[in-house]
Amino acid sequence: MTMKACIDVGGTKVAVSLADGTGAPPVGRRAEPTATTGDRGALARQILRLVDEVCADLGVDPASVTQAGVSSCGPFLFADGLVEVSNPNICGGMAGPGRGLGNDWVSVPLEAPLRERFARLRVENDAVAALEAERIWGALQGLDHCAYVTWSTGVGAGLCVDGRVLRGKNGNAGHAGHTFASDDPIGLLCGCGNWGDVEALVAGNAVQRRFSEGGWADAAALMRTAAAGDAAALAVVDELCRVLGRMLYNLVALMDLQRISLGGAVFWHNQDLLLPRLQHEVSSRLPALTAGVRLVPAGLADKVGDYAALALVH
């Protein structure tokens, strides 16, 4: 049976697994932190090495894996018509040394080196791919006006209106995390170079930069403290949900959505704390637009990234 590579590229980690084309879950998963050192080809080499390692784990001839779906963080840009990734958590040259990534990349090649390996290749923004997976197997089945939103190292969305998935001129539709939410530049430098966009305020790595003086080393520590009832931590969580919740409301207002499926590490591991606050931010505004709109956890749970890549070769 022909096996297909399912490749999930995130700002924090790269994961690779194989699928047999029957719709069965991917198997043989390997994951490791996303390459951010060396030359610009480091990410593509990492992906191809992981494909070979998964093949070895499963006893599959690597030469037989001729198809691949790549669910990748963005934004994307094109070089000679092929996708490169210009992601603020991978490319240190976007914001400069203020973010401390240790490289001067502004983009890294993705599609070109993978096309040298795979005869059939489909590359999509990870939120778009997750949206497709949620519409096939998850919490957005049967819906024509919906979105998938990830709250993790980055913040992004996949959008579907009138049954059509929106992509835009470079496949970057849905990058709501890089819309502006504040004009206060104090500590709010996003890795993309923007000051005060949504991602700079609420992304997982933004919590450490903004609130470490409060004693919370990272988002997980903040959420644990808030869940235990600490008033100061709860106030910070309320502020994070106010920012992200307004972004979600804006998506509903712009796209007239029925439902938004939520995933990503920050949301998924703290959904009991976050979901009611986010729902309130949406539901408390303009009933003509928001009545009946539901925010729901991703139906594919913490496997949405793996299924996102699978959806591209389904």
Side-chain angles (χ1 to χ4, degrees), residues 10-12 73-77 85-101 106-107 125-128 131 147-159 161 166-212 219 222 235-257 260 262-267 274 277-286 289-290 293 295:
T12 300
C73 58
F76 295 160
L77 52 81
V85 174
S86 186
N87 179 269
N89 298 299
I90 297 174
C91 301
M94 298 176 69
R99 283 295 299 271
L101 275 180
V106 294
S107 67
N125 174 265
D126 54 359
V128 170
L131 169 71
Y148 170 81
V149 171
T150 181
W151 184 1
S152 188
T153 306
V155 175
L159 306 170
V161 179
L166 306 184
R167 291 184 171 82
K169 65 184 188 298
N170 288 332
N172 291 323
H175 270 83
H178 297 295
T179 55
F180 286 107
S182 172
D183 58 4
D184 180 1
I186 304 301
L188 302 182
L189 174 64
C190 181
C192 72
N194 284 342
W195 290 89
D197 63 16
V198 172
E199 192 164 303
L201 272 70
V202 307
N205 55 24
V207 171
Q208 180 180 10
R209 294 194 304 275
R210 295 185 65 198
F211 303 113
S212 59
L222 170 67
V236 172
V237 169
D238 286 342
E239 171 62 14
L240 297 177
C241 289
R242 182 187 69 83
V243 173
L244 192 74
R246 289 185 174 186
M247 186 199 85
L248 297 175
Y249 167 79
N250 289 341
L251 293 179
V252 171
L254 286 168
M255 306 294 168
D256 201 15
L257 303 176
I260 298 176
L262 293 159
V266 172
F267 173 80
L274 301 176
R277 289 170 165 81
L278 295 173
Q279 183 71 64
H280 172 75
E281 289 294 333
V282 172
S283 299
S284 62
R285 293 178 170 83
L286 192 50
L289 298 177
T290 62
V293 176
L295 309 183

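Although no hydrogens or angles enter the test, the distance criterion places a donor-acceptor pair under 3.5 Å between the side chain of Gln279 and the main chain of Leu295. A donor-acceptor pair under 3.5 Å is absent between the side-chain atoms of Asn170 and the main chain of Asn172, judged by distance alone. Side-chain atoms of Asp197 never come within 3.5 Å of backbone atoms of Thr179 as a donor-acceptor pair (strictly under, hydrogens ignored). In this structure a side-chain-to-backbone donor-acceptor pair under 3.5 Å is present from Glu199 to Val155.
We find the CD1-OG distance between Ile90 and Ser107 to be 11.0 Å, quoted to the nearest 0.5 Å. Distance check, rounded to the nearest 0.5 Å: CG of Leu274 to CG of Leu262 gives 9.5 Å. Note that CG of Leu248 is 9.0 Å distant from CH2 of Trp151, once rounded to the nearest 0.5 Å. Here CD of Glu239 is found 6.5 Å from CZ of Phe211. Values are rounded to the nearest 0.5 Å. Remark: Asn205 CG to Ser152 OG distance equals 9.0 Å, nearest 0.5 Å. A distance of 5.5 Å separates OG of Ser182 from CG of Leu201, quoted to the nearest 0.5 Å.
Two residues are said to be in side-chain contact when any heavy atoms from C-beta on lie closer than 4.5 Å; Met247 and Val202 fail this criterion. Pro88 places a side-chain heavy atom less than 4.5 Å from the side chain of Pro75. With a 4.5 Å cut-off on side-chain heavy atoms, Leu278 and Cys241 count as touching. The shortest distance between side-chain heavy atoms of Arg210 and Val236 does not fall below 4.5 Å. A heavy-atom distance below 4.5 Å is not found between the side chains of Ile260 and Tyr148. Side-chain contact check for Leu240 versus Leu244: every heavy-atom pair is 4.5 Å or farther apart.
When all heavy atoms are compared, the tightest approach of Leu189 to Ala200 is C-CB, 4.1 Å. Of all heavy-atom pairs between Val282 and Thr290, the closest is O-CG2, 3.3 Å. Summarising the geometry of Val266 relative to Gly204, their closest heavy-atom pair is CG2-CA, 3.7 Å, with the distance given to 0.1 Å.
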